[in-house]
Amino acid sequence: YELKECDWSSDVCSSDLISMFIRNNVIITVESEDSIITNDIANKLKNNKLRFILRHGPGKFVYYLLDMINEDFYKTIEKITRSSKIMKTDDVDVQQKMLLTLYNSNVTLSQFNQAIVANLEIINSLRKNKFRQFTLEDREEFMDLYHDTLDRKSTRLNSSHIPLSRMPSS
């Protein structure tokens with residue numbers, strides 16, 4: 001999964017499935033809409049800024065793509081977490097609006113955590129299986145990415161929730 005779009009006024013973001021097919025040195029990504037990350041990578045490749053990745057086979061490219069996708073999720077989770085604040089107020093309309101925003105933020109964070117878990121499963125599969133396209137070094141990098149993502153996810157789970165004690169009282 002990858003991050004698609006965010007409406008920062010309500011802290012609602014969406015993610016979408018990205019499929020990848022690899023055969024020899026050909027990599028095809030399939031997405032329902034244009035992807036910011038894959039478009040950015042394609043532009044960097046066209047401008048010779050990432051060509052070095054392709055010299056090492058498809059494993060480096062897959063590693064780089066998954067790392068960028070997960071990094072994008074983490075940056076967005078951090079931004080949502082920082083912006084999700086509840087202030088004390090006696091105005092019922094403002095309270096309802098803040099609670100709706102908080103609810104949307106928590107739903108988005110939950111969906112992003114599910115997407116990261118799905119990405120972890122993909123990375124785990126890549127590191128365990130011996131696909132001919134991937135070298136031992138590629139699998140070691142997938143293992144590093146897996147453990148890095150797992151560590152970051154457990155750190156985020158401990159710090160990204162918004163305690164109910166910060167909610168205004170009626």
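It should be emphasised that the depicted structure is a prediction, and the values quoted were computed from it without experimental measurement.
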Among D138, L145, L66, which one satisfies side chain to side chain contact (heavy atoms under 4.5 Å, CB included) with L126? L66
Any donor-acceptor pair under 3.5 Å from T76 side chain to D72 backbone: yes
State the CD1-OG1 distance between I37 and T29, to the nearest 0.5 angstrom. 11.5 Å
Are Y64 and M143 joined in one hydrophobic group, where the rule is that I, L, V, M, F, W and Y side chains link up if heavy atoms are under 4.5 Å apart? no
Under 30°, 30 to 60°, or over 60°: which ring-plane class applies to Y63 and F142, parallel, tilted or perpendicular? tilted
Determine, using the 4.5 Å side-chain heavy-atom cutoff (strictly less than), whether I122 and Y74 are members of one ILVMFWY cluster. yes
Nearest 0.5 Å, what's the CE-CD1 distance between M68 and I36? 13.0 Å
Report whether F61 and F52 are members of the same hydrophobic cluster (ILVMFWY, side-chain heavy atoms less than 4.5 Å apart, transitive linking). yes
Separation between CG (L50) and CD1 (I41), nearest 0.5 Å, reads 7.0 Å
Report whether I69 and V117 are members of the same hydrophobic cluster (ILVMFWY, side-chain heavy atoms less than 4.5 Å apart, transitive linking). no
Any donor-acceptor pair under 3.5 Å linking the side chain of N47 with the backbone of N43? yes
For T149, which of D144, L120, N124 qualifies under side chain to side chain contact (heavy atoms under 4.5 Å, CB included)? L120
Would a 4.5 Å heavy-atom cut-off, applied to side chains only, mark K60 and E137 as touching? yes
